[in-house]
Structures are given as C-alpha cells and as structure tokens.
K.L.:
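Take this structure, written in structure tokens, and hold onto it; I'll ask about it next.
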Amino acid sequence: MSTSALYSFHSPCIVAGPCAAESREQILICAEALASDSRISFLRAGVWKPRTRPGGFEGIGEPALQWLALAQQKYGIRVCVEVATPDHVRAAQMAGITSFWLGARTTSDPFAVEAVVRALQPGDGPIFVKNPISPDLDLWIGAIERLRRMGHSQVIAVLRGFYPRSPGRYRNTPHWDVALTLRTRMSDIPILCDPSHIAGKREEVPFVARRAYDFSLDGLFVEVHPSPDDALSDARQQLTPAAFFAMLDALPLSPVPSILPPDEELLELRAMIDSIDNQILDLIAERMSTVEQIGRWKMAHNQLPFQRVRWRSLLFHHLRYGRLLGLDVRFVRNLCELVHTESLRIQGMQRGENRELED
Ligand code: PEP
Ligand code: MN
C-alpha cells in the first residue's frame, strides 16, 4: 500500500474511528487509543448520520463537533467528518475541522456534491470521496472532478462497496474492478478501502482489508469503536481498537516496490500471457463476425436478436464447462453476459437500432 507524495500524511493512509460520535467520553477514549499508534493519520466520526428511513439514530449533530475539536487538540490527531450540505461544512469549519468525507449517498447526487464543494475553503482537505451507491464509475469520477475543478488537490477516493443485487457474503459488493478502473482513469488519486461497510460484520473486516492490500490500494478507512456492541449505528461491523491494531499488525503495510528488477522467468511468463491475450482477442473478433452473419440470417427470417432459449442453454453450457475448467462461476457468468450483450448490440446496430448506445 502506498500513497503519492502530494499528500501531507504518511503512506499508507489509515483512517479510523467510530461510525458515529456518540458521547464526549467515547470520542476521547477512541482518539487517545488511535493517536497512540503512528500508523493512523485521521480520526473519523459521523456527526450527521444519513439514514435510509427516518427514526433511526441520526447523529448527535453540532454538539459532537466540540468533542471532536477537543480530541484533535488534546491528542494531535486530525479529525474528518462526513458532510452532506453546506451547513455541515460551515459548522465543522467553525469548530476547526477541515477534513471531510462525502458519503456514498452524497456522491450519488451531483447537486449535493456541487453545493458541498462550493462551501469548502481553499486550504481544506484532504477530502475523502466514497464511491456512489451504484457501481457507476462516472458518478464517482464526477464528484472527484467537481472538487478538483475548484482547486482542491487533496482528494482521496474510498471504495466502500456497492449496493448488492442480491444478499450475499458482504453488506456491500466490493467490485474491485471499479476501483482498479478508477486507478487507470485517474492514476494520481489515492484509493482507500473501507472494509467495514463492505463486510458489514466484524469477522469479515480483516479479510476484506487483506484483499485491499492484495489489490495495492493506498490505505484503509475503518470503523473502530471502544465498545462496538453498544454502538448506536453499525454495531455489527465496528472493531475494538485492540482488534483493529491486530488487523494492522497482520497486514504487510510497508510499500512493495512497484518496479520489479528484470527477471527471465517473469518476462517469459508475461510473454505467454501477452500471446494468450492476443489469441483471446482474435477469437472474440472472429466470434463477432459470426454474430454479424447470424444477425443477417435473423433479419432475413424476421427474428429478433435476443433469443431467450438459446441464451439460457448457452449460459448453462458455459457455466458447466467453466466449472470443469476450475474457473470461478461469477467470472464465467460476467464474461458470458459481457460477450452476449456486445453481440446483441452488434445485431441491433445491423437493424438500425441502438443508436442511443452510440451517443
Ligand atoms: C459511514 O462511513 O459511516 C457511512 C455512512 O458511510 P457510507 O456513506 O459509505 O454508507
Ligand atoms: Mn457506518
């Protein structure tokens, strides 16, 4: 894990603290524990909690800012809070807090992002930008761009997972590929992982954090509470400071050199991979030209591109064959869906449809 030299804290960037500020005592206990470990750069705590439905714990609001300001002063640890409106930003600034995060719901709303960005002051930051609720990379990038356009250079993305299509192992599906594509498209933006909101339960948090390390993300954004079972929000997923430190101890946090010395065996293996990738692309191009021939046949016989029975039997066959080859079933399904969608797009284009897809 590593973070660019542009940022004023050490690398990797570790942010930790309770889901919500609940009491003066809770904040001071937490701040003292976290400030005692030099690996931690920021104390996080929610002051205004976005609730999907009304009636839950909506955060303490402004009084909590005083506890956080005190923690910042007393223990010298920088504090960041979630802001969703210009009023939140101004209240935090008045308390001397200048680092913020945009939550998943805020990142999903360009009007809210724009309003928050306009309330920031030039020296504020870093600003952490959680991914939006749905795996829409452009929405995530859009929020980052809105900040940068206004001159805020210390922007850090946080992968907190995406609303799952169906209940699964995690509370939020990580979609590591979305974070990796963000890295390709905005190579200078550090990306942290929030394993707490991905996992949803504390037993799984270290495993998700380890995955983030394997994907070379730039740090962690973790929920830590002095007494997680008594937490007023997200009790299941918060770690005690001791469990959190144990998790960090188990992670090889020092940066791995990203430029490897030339090594014959690796060069040979990479040449093999390159050649296999070329063959895959050649075969896909051949497949798509066959798809066009089928498209012409379908038009001549007045058939629509999508044929449900054919698609189901094809998918069934490929999933079974993929399993025999030892491939991950979700991977095979995603691949089949991707290829099939592209085939339908091509056949739709032949019929003069799908023009909107080209916009
Ligand atoms: C949080 O970090 O406590 C939070 C509400 O996060 P998210 O916006 O990722 O749901
Ligand atoms: Mn939370």
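Counting starts at 1 for both ligands and their atoms, following the listed order. Residue indices begin at 1 and follow the sequence shown. Small disclaimer: the values here were computed from a predicted structure and weren't measured.
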K.L.:
State, yes or no, whether a side-chain contact exists between Leu192 and Cys13 at a heavy-atom distance under 4.5 Å.
P.N.:
yes
K.L.:
Quick one: which ligand 1 atoms are inside 4.0 Å of a heavy atom on Gly103?
P.N.:
8 (O)
K.L.:
Suppose you place the vertex at the Mn ion (ligand 2); what is the angle out to Asp234 OD2 and Glu223 OE2, to 10°?
P.N.:
130°
K.L.:
Hey, are Glu32 and Lys74 close enough for a salt bridge, meaning a charged N less than 4.0 Å from a carboxylate O?
P.N.:
no
K.L.:
Look at atom 6 (O) of ligand 1 and find which of Lys130, Arg44, Arg160, Glu82 reaches it with the closest heavy atom.
P.N.:
Lys130
K.L.:
With the side chain counted from C-beta on, respond yes when Phe244 and Ile40 share a heavy-atom pair under 4.5 Å apart, and no when they do not.
P.N.:
yes
K.L.:
Please state which protein non-hydrogen atom is closest to atom 4 (C) of ligand 1 and give its distance, to 0.1 Å?
P.N.:
His197 NE2, 3.5 Å
K.L.:
I'd like to check which ligand 1 atoms, numbered from 1 as shown, lie under 4.0 Å from a non-hydrogen atom of Lys49.
P.N.:
1 (C), 3 (O), 5 (C)
K.L.:
Should the ring pair His340 and Trp311 be called parallel, tilted or perpendicular, given that the plane angle runs from 0 to 90° and is split at 30 and 60?
P.N.:
parallel
K.L.:
Run the side chain to side chain contact (heavy atoms under 4.5 Å, CB included) check on Asp234 and His197 step by step: do they pass?
P.N.:
CA-CA 9 Å; Asp234 287 348; His197 285 87; 3.1 Å; yes
K.L.:
How far is atom 8 (O) of ligand 1 from its nearest protein heavy atom, and which residue and atom name does that atom have?
P.N.:
Ala104 N, 2.8 Å
K.L.:
What atoms of ligand 1 come within less than 4.0 Å of a heavy atom belonging to Cys19?
P.N.:
3 (O)
K.L.:
Tell me whether Asp214 is salt-bridged to Arg211, with the criterion being a basic N under 4.0 Å from an acidic carboxylate O.
P.N.:
no
K.L.:
For the NE2 atom of His318 and the CD atom of Glu337, what is their distance to the nearest 0.5 Å?
P.N.:
12.5 Å
K.L.:
Quick one: does Gly46 get within less than 4.0 Å of ligand 1, heavy atoms only?
P.N.:
no
K.L.:
N/O of Phe221 under 3.5 Å from N/O of ligand 1, yes or no?
P.N.:
no
